[in-house]
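Heads up: the structure comes next, in structure tokens.
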Amino acid sequence: MDTSCNLLLLLMFLHFAVGFTNSCVKIHPDSSSNIVLEVGKNFTATCHLREGSTYTSDDIKWLSENGSIPKQFYHRINETAVSVTVNIDSDMNGWLRCTATKDSLSYVIPCVYGISLHTGYPPLKPKNLSCIAVQEDKDISPNLNCSWDPGSRNPLIDTTYTVYANVLGTTQKHKADCNQHLARSCVVNLETFPIHMILKVWAEVKNALGSEESELLNDSSYFAKPNPPLNVQVLAEVNIPTSLMVTWKHPIDRTIMKLSYAIRYRKAASDVWIEVPESFTRGYIESFRLQSLEPYTEYGVQMRCIEESKRSYWSDWSLNVKNSTAEAKPASAPDLWRIIQPTSDNRIVTLIWKDPVKANGKILLYNLSINQDYKMFESYSIKANTLSQMYLMELPPGKMANIEITAFNSVGASPKASLFIPRSDKELPGVEDMSWSVLDEKPEPKLQVKWTAVLPPHPTLHLSEYLLEWVKIPQSVDWQRVPNNVTITTLNADLEKFKRYDISLYPIYKNHSGHRLFQAGCPVTRPAYIHQLLNSQSSFSSEAQRICFYT
């Protein structure tokens, strides 16, 4: 029993595997290789009984790799032929078999015939075809690198891509076969890049279910990508502190490509680029002056280029070339302030100052002049360094002083900063109240100060600004100025936690009569601790001190 069963299976395999021509059944369509079918389409095959067969159409059955096909999909054509119609899906790969057998006669060897099916999709049209040939040495490379979007659908069957490149008006025809499945790019060797000629390029995709072609590209200039400009240099101009001269060399022979240029620049400490309009950098020029820059400031400059009609690719940006503009005389005054410490019979005044915000160069020295009761009292030239930007003086309570300071760099002098210190009995009023709170900002908490606005006590006085001073105990002083219409601000300082600071607020008045002097009003002072962030973000400090130096 086992031997006869094994023999029957072997014979069935032989009939099926080799498709004996003397099999009693035959399938149409037939092929010695895979029959490729499109997924989602219906497929009809017909099983024919050969002449002289003892079987009838009632004995015919259809089988796929997944098992028997239900008879509802059969169609009896006549006594010797039965067709089957199935909808193709992506899993229907393998053999489709037709058998003829008598179910009641188990000892009769059935007739078997099969065809091999392979399912897939026709190719999608290649989209977004683009090709590029980069500059190599002094010429455009003959290697045209093309890429496209093959689409997201996997064709499931062998699919080939070919890129064609034909030079119009010549016999030059080039192509590259890109046989990778779902290829996205390919390189065509043109032997010599056909500059100034019309080069037609397209991509074709093929498989057993069809073919598609991409849109056509043409004009060889469109494909070329030059190198960045050569030997880019940025030169400072000694007598023009607001400009830099940019020079460069053409990266490719002008008979091959005429170029337009793009220049962009930025401060070395900035991430924001400013681009020069391209209309200023066309033609045969190899230099350009950047203008309206800030003096004594380092800038970075980059360049790129493109075929003058802008049909080619932009080159990459050149390396970042840096240089600094020349010095100009300072455009703003030093920031002058004072600390007054009264004694029993005198006032000790410490003058302190900061470099001009717009120094426009390296500050070399300061010229400090002191007038007492409108008469020249002292004048000094002080070399500039961080250790010497202060001056100690004594001022009797009954005297007033006007202090002026000017900063100098290698080009010239800054505007003057002035400060007026009145007699002790002539202090001007301060603000009514001032408070502070801690803001939980990242990376470090900040101190916020708010106060009530002050009104000038006399028509000849004008509120110029406010000055916030903070003193770290035991002793370290800094300050900032605030516009006269502001009554809440954040200290521009990285304060240390668990350290005490005395925060003082001064209104700064400007006298419009006589000498137009700037004078500080009476300060309001509070102790502050940045560590109060641990307690409450919005807690404000207790009663303020009013410090006025009346005799």
Side-chain angles (χ1 to χ4, degrees), residues 328-429 456-465 467 469 477 479 481 506-523 547-551:
K329 69 179 183 179
S332 62
D335 190 354
L336 176 65
W337 187 231
R338 86 295 186 274
I339 301 171
I340 301 176
Q341 295 173 300
T343 64
S344 58
D345 58 355
N346 217 337
R347 289 180 292 177
I348 306 300
V349 179
T350 303
L351 300 175
I352 51 180
W353 58 89
K354 300 177 184 178
D355 287 346
V357 173
K358 296 181 179 179
N360 291 344
K362 182 179 179 181
I363 299 301
L364 303 175
L365 60 88
Y366 291 92
N367 193 334
L368 178 68
S369 63
I370 302 168
N371 287 271
Q372 287 191 11
D373 292 342
Y374 303 115
K375 295 180 181 180
M376 174 58 69
F377 179 71
E378 293 174 315
S379 180
Y380 299 97
S381 289
I382 302 172
K383 287 186 179 180
N385 63 67
T386 56
L387 299 178
S388 65
Q389 292 189 186
M390 65 171 57
Y391 180 78
L392 195 66
M393 60 177 279
E394 292 185 0
L395 184 64
K399 285 187 175 291
M400 56 186 174
N402 185 40
I403 297 100
E404 292 183 338
I405 190 168
T406 306
F408 290 83
N409 62 18
S410 65
V411 179
S414 73
K416 289 182 179 179
S418 62
L419 182 67
F420 181 70
I421 303 175
R423 295 192 296 267
S424 294
D425 60 351
K426 297 296 182 180
E427 291 277 5
L428 295 175
H458 193 276
T460 62
L461 293 176
H462 166 70
L463 179 63
S464 174
E465 61 189 345
L467 185 141
E469 174 191 82
V477 182
W479 68 95
R481 298 178 186 270
Y506 298 79
I508 306 296
Y509 299 98
K510 184 177 182 180
N511 191 328
H512 284 283
S513 64
H515 297 277
R516 295 182 176 269
L517 302 175
F518 288 92
Q519 178 180 344
C522 180
I547 305 175
C548 292
F549 305 114
Y550 299 111
T551 57

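Sequential numbering from 1 along the given sequence is applied to the chain's residues. Quick caveat, the model's predicted, so the values are computed rather than measured.
- Residues forming a side chain to side chain contact (heavy atoms under 4.5 Å, CB included) with K354 (at least two apart in sequence, or on another chain): D335, D478, W479.
- Among all heavy-atom pairs drawn from T406 and A413, the shortest one is CG2-CB, 3.8 Å.
- The two residues P397 and D345 come nearest to each other via the heavy atoms CD-O, 3.7 Å.
- Residues P422 and R347 come closest through the heavy atom pair O-NH1, 2.9 Å.
- Looking at every heavy atom in both residues, N409 comes nearest to A359 through ND2-O, 3.1 Å.
- Counting all heavy atoms, side chain and backbone alike, P356 lies closest to Y366 at CD-OH, 4.2 Å.
- For the pair S414 (side chain) and P330 (backbone), a donor-acceptor distance under 3.5 Å is absent.
- Under the 3.5 Å distance criterion, the side-chain polar atoms of S332 are matched with a main-chain donor or acceptor of V357.
- Partner of F408 under the side-chain contact (heavy atoms from CB on, under 4.5 Å) criterion, chosen from I363, L364, N367: N367.
- In this structure, G521 and Y509 approach most closely via the heavy-atom pair CA-CE1, 3.9 Å.
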After noting the C-alpha distance and the side-chain angles of I370 and Y391, does the key distance pass the side chain to side chain contact (heavy atoms under 4.5 Å, CB included) rule? CA-CA 11 Å; I370 302 168; Y391 180 78; 3.6 Å; yes

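- Residues satisfying the side chain to side chain donor-acceptor pair (under 3.5 Å) criterion with E469, sequence neighbours excluded, are W337.
- Judged as a salt bridge (charged side-chain N to carboxylate O under 4.0 Å, His left out), the pairs with a partner in residues 401-417 (not counting sequence neighbours) are, in order, E404-K416.
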Audit row: N511, H458, side chain to side chain contact (heavy atoms under 4.5 Å, CB included) steps and yes/no: CA-CA 9 Å; N511 191 328; H458 193 276; over 6 Å; no

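- The salt bridge (charged side-chain N to carboxylate O under 4.0 Å, His left out) contacts involving residues 391-400 comprise D373-K399, where partners must be two or more places apart or lie in separate chains.
- Taken to the nearest 0.5 Å, the CG atom of L365 stands 9.5 Å off from the CD1 atom of I382.
- To the nearest 0.5 Å, atom CG of residue L368 and atom CG of residue L351 are 6.0 Å apart.
- Under the side chain to side chain contact (heavy atoms under 4.5 Å, CB included) criterion, A417 pairs with A333, P334, L336, I405, not counting sequence neighbours.
- With rounding to the nearest 0.5 angstrom, the CE atom of M393 is 10.0 Å from the OG1 atom of T350.
- Within the model, atoms CD1 of I352 and CD1 of I339 stand 4.0 Å from one another, a figure rounded to the nearest 0.5 Å.
- Listed by chain and residue number, nothing satisfies the side chain to side chain contact (heavy atoms under 4.5 Å, CB included) test with S381 (two or more places apart in sequence, or in another chain).
- Rounded to the nearest 0.5 angstrom, Q372 CD and I403 CD1 are separated by 8.5 Å.
- The structure places CD1 of I508 at 8.5 Å from OH of Y506, a figure rounded to the nearest 0.5 Å.
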For a side chain to side chain contact (heavy atoms under 4.5 Å, CB included) check, start with the C-alpha distance between M376 and S369, then their side-chain angles and the critical distance, and finish with the verdict. CA-CA 8 Å; M376 174 58 69; S369 63; 4.0 Å; yes

